[in-house]
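Since the structure comes first, as structure tokens, the remarks are kept for the end.
The sequence lines fix the lettering, A, B, ..., with proteins before strands; numbering per chain opens at 1.
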2 protein chains.
Amino acid sequence: MSNGVTERTVSERLQGHGIQASAQRVAVAEYALRTTDHPSADVVWAKVRESFPFLSRATVYNTLNLFVAKGLLRPLVIAEGRVVFDPNVEPHHHFVDEETGEIHDVPWDAVAIRSIEPPRDFELRDYQVIMRGSRRGRPARARPRGSSRSSVK
Amino acid sequence: MSNGVTERTVSERLQGHGIQASAQRVAVAEYALRTTDHPSADVVWAKVRESFPFLSRATVYNTLNLFVAKGLLRPLVIAEGRVVFDPNVEPHHHFVDEETGEIHDVPWDAVAIRSIEPPRDFELRDYQVIMRGSRRGRPARARPRGSSRSSVK
DNA sequence: GTCTCGATCTAGACTATGTCTAATGGTGTG
DNA sequence: CACACCATTAGACATAGTCTAGATCGAGAC
């Protein structure tokens, strides 16, 4: 794909957002800015270390937070127990599979909103629709939470 | 307020949902089923212990998860770093104040949705709009995250 | 009343996510 | 080379949440 955004090297993208490039930051960016998996910070750490073993956990957290501050990633508070990161910073919605915990992007125009009214005295900065459900045909009962066993005896 | 729902005692509500009442469960319910604060489990623990000191943390977690399983509470994955609980189990939306982290209920009809299309092969169980912003007049820059100091140097 | 059984409650160990700190190392400028 | 600055590191720390093993409670059987 050569759409004028992804054809630039990762290193150039970082510098274009005012981020000093370094070996570690490029390695994190190569994964985190290309994936569609909505990984958590620890998942990024594990993935990147496969090809770049000299990388501390603190650096991954620092780097991801830096990318968020510079507008390269968006943090999502949707998954249970952790923040996940989305390199798609354009407006869109999300669908959470309640059985697997997987998060899928939903195009902005898959939802037609006629009007939206924030609470009085509050200023709306952005919004999105969070859908929950499961793959068609599966009943989807008790949600997995932490361990695989049921959380209520 | 005597609207046919809240006029029943908490103990009766628990039994009506198939939950064996106990001193601890009633104490948790008195707070968690009445509040509009969207508390986390540890907040519930702290609040309830003010008037009911003999209460372990595990009991609070067990009890809240039981209430969720029985449909008395809805878990929300909106706030950073924790799950919060909402005794309003009717459909509604939420507004997150990005400065304070406070969560406010938004009535269902504050948003007019004309159509909504989940991803192919997925079954939509429920959905809600998550709005983010801040109180009018305040600029709302860096979001507080964990500690009060900036997370990116 | 007392025995028994299952449900509930408890303290504390444990795991996972995330932040902070102090020290180390690399790079550019003079 | 020396200095300053920034990135990186390991590990300590903080917090949310789960699990376990044992104590305790309560209701029915006798």
Closer than 4.0 Å, any side-chain N/O of [X] to the OP1 or OP2 of [N]?
X	N	result
A:Tyr61	C:dG18	yes
A:Ser22	D:dT8	yes
B:Asn65	D:dT18	yes
A:Gln24	D:dT9	yes

For [X] and [N], give me the distance from atom [atom1] to atom [atom2], rounded to whole Å.
X	N	atom1	atom2	answer
A:Arg49	D:dT9	CZ	P	11 Å
A:Asn62	C:dG18	CG	C1'	11 Å
B:Arg25	C:dT10	CZ	P	11 Å
A:Phe85	C:dT17	CZ	P	12 Å
A:Arg82	C:dT19	CZ	C1'	19 Å
B:Glu80	C:dA16	CD	P	22 Å
A:Leu64	C:dT19	CG	C1'	14 Å
B:Leu55	C:dT8	CG	P	15 Å

Do the side chains of B:Asp126 and B:Arg74 get close enough for a salt bridge, i.e. N-O under 4.0 angstrom? yes
Under 4.0 angstrom, heavy atoms only, what part of the nucleic acid is A:Thr59 near: base, sugar-phosphate, or nothing? base
Classify A:Arg57 by what it touches in the nucleic acid, base, sugar-phosphate, or nothing, heavy-atom distance under 4.0 Å. base
Correct closest heavy-atom pair for B:Val106 and A:Pro119 would be CG2-CG, 3.9 Å
If each of B:Val84 and A:Ala23 is mapped to the nucleotide of DNA chain D with the nearest heavy atom, which maps nearer the 5' terminus, i.e. the 5' end?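 Its nearest nucleotide lies further toward 5', so the answer is A:Ala23.
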Step through it carefully: locate the ring centre of A:His93, locate the ring centre of B:Tyr127, and say whether they are under 6.0 Å apart.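 Between B:Tyr127 and A:His93, which both carry aromatic rings, the centre distance is not below 6.0 Å.
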If we only count heavy atoms from C-beta on, is the A:Pro39 to A:Thr35 side-chain gap below 4.5 Å? yes
Does anything in residues 38-78 of chain B form a ring pair (Phe, Tyr, Trp, His ring centres under 6.0 Å)? List the pairs, not counting sequence neighbours. B:His38-B:His94
Find which nucleotide of DNA chain C each of A:Asp42 and B:Gln20 is nearest to by heavy atoms, and output the residue with the more 5' nucleotide.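 Residue closer to the 5' terminus by nearest nucleotide: B:Gln20.
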Between B:Val60 and A:Ala58, who's closer to the 5' end of DNA chain C by nearest nucleotide?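 The residue mapped nearer the 5' terminus is B:Val60.
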